[in-house]
Amino acid sequence: QAQLVESGGGLVQAGGSLRLSCAASGLTFSNYAWGWFRQPPGKDREFVASLSWTSGSTDYTDSVKGRFTISANNAKTTVYLQMNSLQPEDTALYYCAGDYKGRGVRTTRTYSYWGQGTQVTVSL
């Protein structure tokens, strides 16, 4: 049974940092491209960052570039999102997702597995 479990969210003041983790099980980790998406209150889910094993590349939406870093540990089958210089606009429910043999594209529909989400709230 494939499962993704996010953790590491919480309440942080503006300018602070958090590291999100996504633990994957029940699948072959290196067969997937991995992405982070977020859903702010009242808005649609949006792309944040992705990592592709095939290309060895990462991708970031412009609003987080330079502040967030996606990484993965194959031995631990875990994906991470390091978030620095957090702002209230980053407040959202954050999801990790796996795209089987994917290339880390930005559309949600290409990802076949999703975690339950972890809440990130950034206060002033």
Side-chain angles (χ1 to χ4, degrees):
Q1 182 180 2
Q3 185 175 348
L4 306 179
V5 179
E6 299 100 331
S7 62
L11 177 64
V12 64
Q13 291 185 330
S17 298
L18 287 172
R19 188 179 77 158
L20 307 184
S21 298
C22 173
S25 61
L27 50 80
T28 302
F29 192 74
S30 59
N31 281 348
Y32 291 79
W34 296 100
W36 285 96
F37 295 79
R38 66 187 182 186
Q39 188 166 16
K43 297 183 178 181
D44 292 334
R45 196 169 300 182
E46 64 183 16
F47 172 81
V48 177
S50 67
L51 181 152
S52 172
W53 294 117
T54 301
S55 64
S57 64
T58 58
D59 188 28
Y60 300 91
T61 192
D62 287 345
S63 63
V64 309
K65 199 167 187 177
R67 299 190 296 124
F68 291 10
T69 303
I70 186 172
S71 62
N73 186 317
N74 188 62
K76 295 182 178 180
T77 64
T78 300
V79 188
Y80 305 95
L81 184 68
Q82 178 66 47
M83 306 186 296
N84 299 325
S85 302
L86 284 162
Q87 300 299 314
E89 305 86 76
D90 297 313
T91 294
L93 188 63
Y94 282 71
Y95 298 87
C96 68
D99 182 6
Y100 183 64
K101 296 183 178 180
R103 296 178 174 86
V105 298
R106 297 185 173 194
T107 176
T108 60
R109 292 188 176 273
T110 66
Y111 292 83
S112 53
Y113 292 99
W114 292 83
Q116 83 290 344
T118 185
Q119 179 66 41
V120 172
T121 302
V122 185
S123 64
L124 292 171

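- Taken to the nearest 0.5 Å, the CZ atom of Arg38 stands 4.5 Å off from the OG atom of Ser63.
- Here the shortest heavy-atom pairing between Gly8 and Thr118 reads N-OG1, 4.2 Å.
- Cluster annotation: Leu4 is not connected to Phe47 through the hydrophobic network of ILVMFWY side chains, with a link wherever side-chain heavy atoms come within less than 4.5 Å.
- Every residue meeting the side chain to side chain contact (heavy atoms under 4.5 Å, CB included) condition with Asn74, not counting sequence neighbours, appears here in chain and number order: Phe29, Ser30, Trp53.
- A pairwise comparison of heavy atoms in Leu86 and Met83 identifies CD2-CB, 3.8 Å as the closest pair.
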After noting the C-alpha distance and the side-chain angles of Asn84 and Ser17, does the key distance pass the side-chain contact (heavy atoms from CB on, under 4.5 Å) rule? CA-CA 4 Å; Asn84 299 325; Ser17 298; 2.9 Å; yes
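- Taking hydrophobic clusters as Ile, Leu, Val, Met, Phe, Trp and Tyr residues chained together by side-chain heavy-atom distances below 4.5 Å, Val12 shares a cluster with Phe68.
- Here salt bridge (charged side-chain N to carboxylate O under 4.0 Å, His left out) pairs that include residues 100-124, with residues two or more places apart or in two chains, are Asp59-Arg106.
- Between the side chain of Gln82 and the backbone N or O of Arg19, no donor-acceptor pair lies under 3.5 Å.
- With Val48 as the partner, the side chain to side chain contact (heavy atoms under 4.5 Å, CB included) test is satisfied by one option alone out of Leu20, Asp90, Leu81: Leu81.
- When all heavy atoms of Gly102 and Ser52 are compared, the closest pair comes out as O-OG, 3.8 Å.
- What you find for Gly117 and Leu93 is that their closest heavy atoms are C-CD1, 3.9 Å.
- Using cut-offs of 30° and 60° for the angle between ring planes, the Phe37 and Tyr111 rings count as perpendicular.
- One N or O on the side chain of Glu6 and one on the backbone of Cys96 form a donor-acceptor pair closer than 3.5 Å.
- The distance from the OG1 atom of Thr110 to the CG atom of Asp99 is 4.0 Å, given to the nearest 0.5 Å.
- Under the 4.5 Å side-chain heavy-atom criterion for Ile, Leu, Val, Met, Phe, Trp and Tyr, Tyr95 and Val122 are members of distinct hydrophobic clusters.
- The cluster map of Ile, Leu, Val, Met, Phe, Trp and Tyr, joined by side-chain heavy atoms under 4.5 Å apart, puts Trp36 and Leu27 in the same cluster.
- Taken to the nearest 0.5 Å, the CD atom of Gln119 stands 9.5 Å off from the CG atom of Leu11.
- No single ILVMFWY cluster, assembled from side-chain heavy atoms under 4.5 Å apart, contains both Leu51 and Tyr80.
- When atom types are taken as modelled, the side chain of Thr77 and the backbone of Ala24 share a donor-acceptor pair closer than 3.5 angstrom.
- Across Pro40 and Ala92, no two heavy atoms sit closer than the pair N-CB, 3.6 Å.
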